[in-house]
Amino acid sequence: MSNYHVEPASKPQALTGEALKSMRNEAPRGLSRRQLLRTSLGAGIGLWLLEVTAGTISFMWPNLSGGFGGKVTIGKYADIRNTNAGLPIAEGFPAYYQEARAFVVLIDPSRQEFLPGEDRSGDGTALNVRGLYQRCPHLGCKPNPCLKNFWLECPCHGSRYDRLGTKVKELGPAPRSMDRFAVIVESDGTLLLDTSKITLGPLPIALGQPGLEPARSPTGCI
Ligand code: FES
């Protein structure tokens, strides 16, 4: 026995492409498979281009608009003192600026001014001002300045920094001091932080060693 068998003549046979064409009176409606494929491919590429363009614009936007990621104007020293009237800014206490995600600190309080110039390293000594990035170098929480001891204290795992952002070696797990933004002081004394230029903070300093400002009180805020 074989599996071969002849189809009965009554059963309709498959139509060839040629036969179908000859039976058509008008052009087929809707999209052909080829057109559908081309349209979907075109739409896919268009969407991808749109995404790339939108991504590039959103990446560049802070630089173009002057928000975080670009240069943020903080103001003159007198403005900083006035807008933070309840805080001892003149003694070098850090002032917080949300738009720059940074703390601004007067480095040497015996000089009540910022000095014009630019410091790309973020050290700021020559301009008498430093801009500290708000992210704790451990896991990114925001340290808070404490009025009692004049230190910055991280509420998450207890890292402590002096008012200039230097990490206290013995206190907390952060591996380095707070990161710094490039600083610009214009000729009229206006301070800008360039948040597109960040410098990693230096290594921690042990208690009692030079380069670390001692706490003003034996207890802090956390
Ligand atoms: Fe600041 Fe962990 S995130 S100590």
Side-chain angles (χ1 to χ4, degrees), residues 58-59 61-63 67-75 80-81 83-84 86-109 114 119-125 127-184 191-222:
S58 64
F59 180 74
W61 186 251
N63 287 307
F68 182 77
K71 285 181 187 161
V72 181
T73 303
I74 305 296
I80 294 172
R81 278 185 68 170
T83 50
N84 294 280
L87 297 173
I89 302 299
E91 295 175 48
F93 193 76
Y96 181 63
Y97 284 84
Q98 161 83 51
E99 60 275 33
R101 299 183 200 172
F103 294 98
V104 169
V105 202
L106 189 68
I107 294 182
D108 176 7
F114 299 151
D119 186 341
R120 305 295 295 169
S121 76
D123 173 70
T125 306
L127 314 185
N128 203 26
V129 60
R130 184 173 291 169
L132 299 169
Y133 188 20
Q134 69 173 22
R135 288 188 88 242
C136 175
H138 180 223
L139 290 178
C141 295
K142 177 171 161 281
N144 296 313
C146 174
L147 274 168
K148 264 167 123 181
N149 59 10
F150 259 56
W151 275 2
L152 289 135
E153 302 176 335
C154 184
C156 292
H157 312 99
S159 286
R160 310 290 211 281
Y161 308 87
D162 72 8
R163 68 177 185 90
L164 295 170
T166 307
K167 166 78 180 23
V168 184
K169 193 171 184 184
E170 296 86 345
L171 302 176
R176 62 175 190 273
S177 301
M178 291 172 75
D179 301 333
R180 304 153 174 197
F181 291 125
V183 181
I184 301 155
L191 169 69
L192 288 90
L193 295 184
D194 186 351
T195 57
S196 70
K197 173 76 177 80
I198 191 162
T199 302
L200 298 187
L203 290 174
I205 294 182
L207 282 165
Q209 293 302 306
L212 181 74
E213 292 204 3
R216 291 196 180 186
S217 90
T219 55
C221 297
I222 58 173

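Atoms within a ligand are numbered from 1 in the order they appear, just like the ligands themselves. The residues of the chain are indexed from 1 along the displayed sequence. Source: prediction; values computed, not measured.
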I'd like to check [X] versus [Y] (side-chain heavy atoms, cut-off strictly below 4.5 Å). Are they in contact?
X: Phe114; Y: Leu106; answer: yes
X: Met178; Y: Leu152; answer: yes
X: Lys148; Y: Thr219; answer: yes

(Q) Testing the basics here: between Ala174 and Tyr161, what is the closest heavy-atom pair and its distance to 0.1 Å? (A) CB-OH, 3.1 Å
**Q.** atom 1 (Fe) of ligand 1 neighbourhood, protein N/O/S only, threshold under 2.8 Å
**A.** Cys136 SG, Cys154 SG
Q) ring-ring contact (aromatic ring centres under 6.0 Å, His included) with Tyr97: which residues, sequence neighbours excluded? A) none
Q | Basic-acidic side-chain contact under 4.0 Å: Arg130, Asp119 | A | no
